[in-house]
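These notes concern the structure reproduced below.
Positions are given from 1 along the sequence.
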Amino acid sequence: MTDLYAHSAVAPRSLTGQPSRLYHTPLSPFSRKVRLVLAEKRIEVELAEERYWEQGPELFRRNPAGKIPVLRHDGMLLAESQAICEYLDETVPAPPLMPADAAGRYEVRRLCAWFDDKFNAEATRPVLNERVWKKVQKTGYPDSRMVKAGLAAIKAHIDYMHRLLEERRWLAGRTLTIADFAAAAHFSCLDYISDIDWDRSDLVRQWYATIKSRPAFRSVLADQVPGLHPAPHYAQLDF
């Protein structure tokens with residue numbers, strides 16, 4: 001069996017009659033974003049943990065770019081988290097996670113790019129690389145300068161989110177969208193190791209508490225990384 005840690009209480013079926021399966025890594029924000037959309041759409045899926053850093057041939061067979069997540073669904077192998085999420089929103093329209101108007105869709109895509117590119121480069125990647133993946137992959141000790149820079153960047157991004165939420169109910173507007181799941185996916189990974197300063201913004205904390213309490217978040221909050229326990233408040237809805 002090539003899939004690592006595959007599990008599912010129910011064998012879900014797609015339109016082709018084949019099980020849907022997501023190849024993922026628990027503390028990957030891109031994997032989590034797709035998982036949140038799948039759960040919000042109530043699409044059942046098997047999870048297969050992928051050690052992407054080992055760069056095995058099966059990973060490249062599923063996605064020539066050698067990246068996760070990859071979703072096997074409806075007879076296709078779907079890659080790139082944003083493309084997967086928008087595909088799911090178009091093929092399973094309820095509940096909608098993209099606005100009906102072009103300006104609204106633009107804002108969702110802009111914010112998804114903000115978190116998946118800018119936030120990831122400045123905060124998620126350096127902090128997780130130093131504090132989690134070096135330990136998991138046994139590649140050395142954390143660089144405190146990288147961690148410090150990442151934590152400072154998180155605070156700057158929280159300030160930006162605070163300004164957005166002063167004028168909006170959700171990050172991109174009046175309704176929950178993929179942008180909220182993109183941001184929450186990154187925040188949840190960092191919160192696993194208690195690297196979010198929740199006292200910096202009541203608005204951001206309230207936003208995260210609201211989205212964290214959704215049923216879609218339950219499986220994400222159940223994740224465990226071997227040898228690395230989550231922060232005590234990680235799975236608490238009142239934190």
Side-chain angles (χ1 to χ4, degrees), residues 8 10-26 28-48 50 52 59-120 124 161 164 168-189 207 210-220:
S8 177
V10 178
R13 297 288 170 180
S14 65
L15 295 176
T16 63
Q18 297 296 317
S20 294
R21 174 173 289 183
L22 182 69
Y23 299 91
H24 79 118
T25 297
S28 158
F30 306 101
S31 297
R32 287 186 166 203
K33 179 173 71 169
V34 173
R35 289 172 64 188
L36 290 170
V37 171
L38 285 164
E40 190 74 11
K41 298 283 186 179
R42 298 185 180 180
I43 302 171
E44 293 189 37
V45 64
E46 295 178 348
L47 297 179
E50 184 78 73
Y52 66 90
L59 175 61
F60 286 93
R61 182 187 64 79
R62 299 184 190 108
N63 180 7
K67 299 193 299 182
I68 50 129
V70 175
L71 177 64
R72 188 179 72 190
H73 183 69
D74 287 348
M76 299 183 293
L77 286 171
L78 307 174
E80 299 297 337
S81 65
Q82 187 65 22
I84 295 171
C85 290
E86 293 200 36
Y87 173 85
L88 293 172
D89 197 60
E90 291 177 11
T91 56
V92 185
L97 294 175
M98 289 289 284
D101 62 298
R105 292 194 299 274
Y106 158 78
E107 182 64 358
V108 170
R109 290 172 179 138
R110 182 188 74 82
L111 287 170
C112 286
W114 178 283
F115 287 100
D116 288 344
D117 296 336
K118 184 176 176 63
F119 188 89
N120 184 59
T124 311
M161 294 171 69
L164 291 177
R168 304 171 177 182
R169 181 180 179 186
W170 296 95
L171 289 177
R174 295 190 301 271
T175 61
L176 173 74
T177 68
I178 297 172
D180 295 287
F181 283 146
H186 285 272
F187 269 62
S188 66
C189 289
W207 162 84
T210 301
I211 199 167
K212 184 181 181 180
S213 67
R214 299 183 75 83
F217 237 90
R218 289 173 185 163
S219 68
V220 166

Quiz item: Under 3.5 Å, is there a donor-acceptor pair linking the side chains of Ser31 and Ser28?
Solution: yes
Practice problem: Kindly indicate, with the supporting measurements, whether the criterion side-chain contact (heavy atoms from CB on, under 4.5 Å) is fulfilled by Phe115 and Leu171. | Solution: CA-CA 11 Å; Phe115 287 100; Leu171 289 177; 4.1 Å; yes
Practice problem: Go through the steps to decide whether Ile178 and Gln82 satisfy the test side-chain contact (heavy atoms from CB on, under 4.5 Å), and finish with yes or no. | Solution: CA-CA 9 Å; Ile178 297 172; Gln82 187 65 22; 4.2 Å; yes
Self-check item: Arg169 atom CZ, neighbour heavy-atom count above 12 within 6.0 Å
Solution: no
Quiz item: What do you reckon, is CZ of Arg61 surrounded by more than 12 foreign heavy atoms closer than 6.0 Å?
Solution: yes
Exercise. For a side chain to side chain donor-acceptor pair (under 3.5 Å) with Ser81, tell me which candidate from Glu86, Lys33, Lys67 qualifies.
Key: Lys33
Quiz item: Any donor and acceptor pair, going by atom type alone, linking the side chain of Asn63 with main-chain N or O of Ala65 inside 3.5 Å?
Solution: yes
Quiz prompt | For the student: nearest non-hydrogen atoms of Pro99 and Val108, plus distance | solution = CD-CG2, 3.5 Å
Quiz prompt | Where Ala185 and Pro29 come nearest, the two heavy atoms and their spacing | solution = CB-O, 3.2 Å
Quiz item: How far does CG of Leu88 sit from CD of Glu40, to the nearest 0.5 angstrom?
Solution: 12.5 Å
Quiz item: Within the side chain of Arg35, is there an N or O that forms a donor-acceptor pair under 3.5 Å with the backbone of Ser219?
Solution: yes
Quiz prompt | Side chains of Glu50 and Val70 in contact at under 4.5 Å (non-hydrogen atoms) | solution = no
Quiz item: Taking all non-hydrogen atoms of both residues, which atom of Phe181 and which atom of Leu176 are closest, and how far apart?
Solution: CZ-CD2, 4.0 Å
Quiz item: Got Thr91 and Asp74 here, is their nearest side-chain heavy-atom distance under 4.5 Å?
Solution: no
Quiz item: Is a side-chain donor or acceptor of Arg105 paired with a backbone partner of Ala100 at a separation under 3.5 angstrom?
Solution: yes
Quiz item: If you take all heavy atoms of Ala184 and Trp207, which pair is closest and at what distance?
Solution: N-CH2, 3.6 Å
Quiz item: Got a donor-acceptor contact below 3.5 angstrom from the Arg32 side chain to the Pro26 backbone?
Solution: yes
Quiz prompt | For Leu22 against Val45, the heavy-atom pair lying closest together | solution = N-CG2, 3.5 Å
Quiz item: Under 4.5 Å between any side-chain heavy atoms of Leu111 and Glu107, yes or no?
Solution: yes
Quiz item: Would you say Leu36 and Val220 make side-chain contact, with heavy atoms under 4.5 Å?
Solution: yes
Quiz item: With side chains defined as the heavy atoms from C-beta onward, is the minimum distance between His73 and Ile43 less than 4.5 Å?
Solution: yes
Quiz item: Do Phe119 and Met161 have side chains that get closer than 4.5 Å, going by heavy atoms?
Solution: no
Quiz item: Distance from Ile68 atom CD1 to Arg62 atom CZ, nearest 0.5 Å?
Solution: 11.5 Å
Quiz prompt | Arg72 vs Ser20 side-chain heavy atoms within contact, under 4.5 Å | solution = no
Quiz item: When the ring centroid of His186 is compared with that of Phe30, is the distance short of 6.0 Å?
Solution: yes
Exercise. Calculate, to the nearest 0.5 Å, the distance between atoms CG and CD1 belonging to Leu78 and Ile84 respectively.
Key: 6.0 Å
Practice problem: Check whether any side-chain heavy atom of Thr177 sits under 4.5 Å from a side-chain heavy atom of Trp170, and report yes or no. | Solution: no
Quiz item: Looking only at heavy atoms, which two atoms of Asp180 and Thr175 are closest? And how far apart?
Solution: OD2-O, 4.0 Å
Practice problem: Measure from the side-chain N and O atoms of Asn120 to the backbone N and O of Thr124, and report whether any donor-acceptor pair falls under 3.5 Å. | Solution: no
Quiz item: How about Tyr106: does its OH atom have over 12 heavy atoms from other parts shown lying under 6.0 Å from it?
Solution: no
